[in-house]
2 protein chains.
Amino acid sequence: MAITLHDVARLAGVSIKTVSNVINDYPHIRPATRKKVEAAIDELGYQPNLSARSLRSGRSGVISLLIPDLRNAYFAELADAVMRAARAKGLSVIIEQMPGGKKEELEILRGPRMQLVDGILYSVLALGEEDAHHLDNAMPMVLLGDRIFNGPKDHVTMQNTEGARAATDHLLSLGRRRVAALGAHPGEVVGSAGLRLDGYQQALAERGVEYDASLVIPVISWHRKDGAEAMRAFLTKGVPFDGLVAFNDSMALGAMRVMQEAGLRIPDDVAVIGFDDIDETRYSIPSLSTIDPSKDQIAETAVDLLLERIEHPDSHAPARDLATEFHIVQRESSAI
Amino acid sequence: MAITLHDVARLAGVSIKTVSNVINDYPHIRPATRKKVEAAIDELGYQPNLSARSLRSGRSGVISLLIPDLRNAYFAELADAVMRAARAKGLSVIIEQMPGGKKEELEILRGPRMQLVDGILYSVLALGEEDAHHLDNAMPMVLLGDRIFNGPKDHVTMQNTEGARAATDHLLSLGRRRVAALGAHPGEVVGSAGLRLDGYQQALAERGVEYDASLVIPVISWHRKDGAEAMRAFLTKGVPFDGLVAFNDSMALGAMRVMQEAGLRIPDDVAVIGFDDIDETRYSIPSLSTIDPSKDQIAETAVDLLLERIEHPDSHAPARDLATEFHIVQRESSAI
DNA sequence: CTGAAAGCGCTAACAT
DNA sequence: ATGTTAGCGCTTTCAG
């Protein structure tokens, strides 16, 4: 049987309340008492029972991170950043993957496993504005990534539209005029794909380049494989192009591979830029230009907001919407 | 306030024990009673309080996965496999990263955060045989990866030595005779690095190729960056070589990048094979031959063993040692 | 500044 | 087949 507060209290010759006070850094304790209690804790190797604490206080010190897919390097790196930010605040992280679309997301969000956690970091993939009411509950939650407009929860995101505008403009500034966009979700408005397509179009308009729908390549799932396949299909159409904005790095890398197999030189024939600044982009051939979304900043901001909601559960402060900075990273794939 | 067993019991007109029985699939319940209770549960939207259950039963339904680093694609893919295997068994997974070496591993292993979980999946990085006694406790645990000989815990691993032997032999069978090994940990015997170097040497011996220590390239941390830097340093030495066995894919990809920058053609000048079969190997240029360690099989086996230990905490069955299958995957980097 | 006692929601003996 | 009851270990009023 494990050591309890009672054991410590008995050894230290105080009541369990005093021990509890010491553990929870309650301010008004005589130094001598604190010493005694700490000595007893050390001697017994006491560790608080987190289930009991959680039952009584309603706080477990665990948060959930809901992401589509860890195999996607962007989410692995984001998860890493979130876990480091969470640990710095004394929180543990349960990761849940939900590659199964809207139904699965809702299921997990409502499932019994969310009982255990104090709050949720939710990287929205499938839910849209019409589902915002599903989130209108008391659970502390911060949304990451896509934007649910006017949702009831705090939201941290990169500047999708601005980022895509900057990426596209970067290629245009190199003199490219037939810039393809890889990763569109036809009809989507509020998700990353929709916002990035919007930025792409803005950049074209600003440079006076006419929008050509045949340069927009839809890809539903943003994996390397899907980028490769979409590019393969696009090449068979013979649409001329000299630039490529991929809406994430994984797709860009898959597409680069296919283009080079087809004899296209990068950046000479096609200049390429991606999105996310995953580690791999530094070592691909050629190395990949990209938009760095400041994952660490996203993670830290999100954990801070969540912690605030956890600590002030009945503050009815309105949902906040924060956007992090981004940076263009120019590498070989868009070298001059 | 949340809905409790009492609320359900009151609505259904039964005692809380009956409700509890229904929830826990206790066999002897009259169908009519079960119906009533289930109706009440649905009507109220009752969800069990996992903290209370955990406090009372000593089981939380959460396991911990301890890995060095999620940014390493191998571990991200392993974590994905583990989470899918765990979810299939109704378990949640808390991931803890421990990039900080032996001290941090021991700290986390003993820390208060391990209180909450029913068991631990521990991908040993820094701990060696001399630390086995630190694991000699009652916590259900399955070790992944490196081998701690004669340790007190179950252990699931790939066949490190056999895999490296097969990888090396694969290059030798292509006629290469100056095969370098990337990723050695000088002096190590029981870790992946030591075992794989052993396999490398066995393969050379079997083919009658003399072992040349100048072809063994030490790399402490197995990231892409480290592989690239080690290869850059190796090239400046001018040691002739025509094959490369990298002890993981990340290092192989970093090294390939450096070799190609230096004008070496792959596989013509240097044939390359890695380890892990991470997703990226299919899309690198050239695509990378590798050893597939069957991550899904590792994950499922490990979760099964752990669950068994959790469900039979006082079975003092001796620690088991399971090795999964591996497969050579030949791609362009070692094409004939 | 410290102690006593109640009770969080659940499971598991035990009783019926 | 179902009800009663006693805690799991902790935090938290409330007293002193």
Side-chain angles (χ1 to χ4, degrees), chain A residues 1-38 40-41 44-62 112-118 138 310-311 313, chain B residues 1-38 40-41 44-62 112-118 138 310-311 313:
Chain A
M1 206 78 284
I3 289 119
T4 78
L5 271 187
H6 286 94
D7 302 322
V8 177
R10 200 173 314 124
L11 181 63
V14 297
S15 83
I16 62 165
K17 174 61 162 90
T18 305
V19 180
S20 176
N21 283 343
V22 170
I23 290 165
N24 296 303
D25 288 323
Y26 184 73
H28 310 296
I29 308 172
R30 267 213 316 262
T33 314
R34 160 165 280 135
K35 273 262 147 45
K36 258 194 315 191
V37 171
E38 278 167 352
I41 288 175
L44 296 173
Y46 168 75
Q47 295 208 326
N49 179 317
L50 297 185
S51 299
R53 175 178 288 176
S54 163
L55 172 58
R56 183 64 238 227
S57 70
R59 299 262 298 270
S60 63
V62 181
R113 323 168 55 136
M114 293 300 110
Q115 281 282 318
L116 198 60
V117 301
D118 297 340
I310 291 173
E311 283 170 354
Chain B
M1 204 78 285
I3 290 118
T4 76
L5 272 187
H6 287 95
D7 301 324
V8 177
R10 201 174 313 123
L11 180 63
V14 298
S15 82
I16 61 164
K17 176 59 164 84
T18 306
V19 180
S20 175
N21 283 342
V22 170
I23 290 165
N24 297 302
D25 288 323
Y26 184 73
H28 310 296
I29 309 170
R30 265 213 318 261
T33 314
R34 160 166 280 135
K35 273 260 147 47
K36 259 195 315 193
V37 172
E38 279 167 352
I41 288 174
L44 296 173
Y46 168 76
Q47 295 207 324
N49 179 318
L50 297 185
S51 299
R53 175 179 290 176
S54 163
L55 173 59
R56 182 63 237 225
S57 68
R59 298 263 298 268
S60 62
V62 182
R113 323 166 56 137
M114 294 301 110
Q115 283 279 320
L116 198 59
V117 301
D118 296 341
I310 292 172
E311 283 170 353

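At D:dT2, none of the side-chain N or O atoms of B:Thr18 fall inside 4.0 Å of OP1 or OP2 (strictly under the cut-off). Checking the phosphate oxygens (OP1, OP2) of C:dG9, no side-chain nitrogen or oxygen of B:Thr4 falls inside 4.0 Å.
For B:Arg30, there are no salt bridge (charged side-chain N to carboxylate O under 4.0 Å, His left out) partners, not counting sequence neighbours.
Contacts of A:Thr33 with the nucleic acid, taken as non-hydrogen atoms under 4.0 Å apart, involve only primed sugar atoms and P, OP1 or OP2. Within the nucleic acid shown, B:Ser51 has no heavy atom closer than 4.0 Å to any nucleic acid atom.
Rounded to whole Å, atom P of C:dC10 lies 17 Å from atom CZ of B:Arg59. With rounding to whole Å, B:Leu116 atom CG is found 15 Å from D:dG9 atom P. Distance CD (A:Gln115) to C1' (C:dC8): 14 Å, rounded to an integer number of Å. Taking atom NE2 on A:His6 and atom C1' on D:dG7, their separation rounds to 12 Å, with Å as the unit. As rounded to whole Å, 13 Å separates atom C1' of C:dT11 from atom CG of B:Asn49. Remark: P of C:dC1 and NZ of A:Lys36 are 14 Å apart, rounded to the nearest angstrom. Between the CG atom of A:Leu55 and the P atom of D:dG9 there is a distance of 12 Å, rounded to whole Å.
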- request: Spell out protein contact along nucleotides 11-16 of chain D as letters: B when the base is contacted, S when just the sugar-phosphate is, - when no protein heavy atom is under 4.0 Å; keep the 5' to 3' order.
  value: BBB---

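Taking all atoms of both residues into account, the shortest heavy-atom contact from A:Val8 to A:Ile41 is CG1-CG1, 3.7 Å. Closest non-hydrogen pair, B:Ile310 versus B:Pro313, comes out as O-CD, 3.5 Å.
Note that CG of B:Leu50 is 8.5 Å distant from OG of B:Ser60, once rounded to the nearest 0.5 Å. Remark: A:Ser54 OG to A:Gln115 CD distance equals 10.0 Å, nearest 0.5 Å.
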field: Chi angles and distances behind the side-chain contact (heavy atoms from CB on, under 4.5 Å) call for B:Leu5, B:Ile23
entry: CA-CA 10 Å; B:Leu5 272 187; B:Ile23 290 165; 3.8 Å; yes

- request: Take A:Ile3 and A:Gln47, measure what side-chain contact (heavy atoms from CB on, under 4.5 Å) needs, and give me the verdict at the end.
  value: CA-CA 7 Å; A:Ile3 289 119; A:Gln47 295 208 326; over 6 Å; no

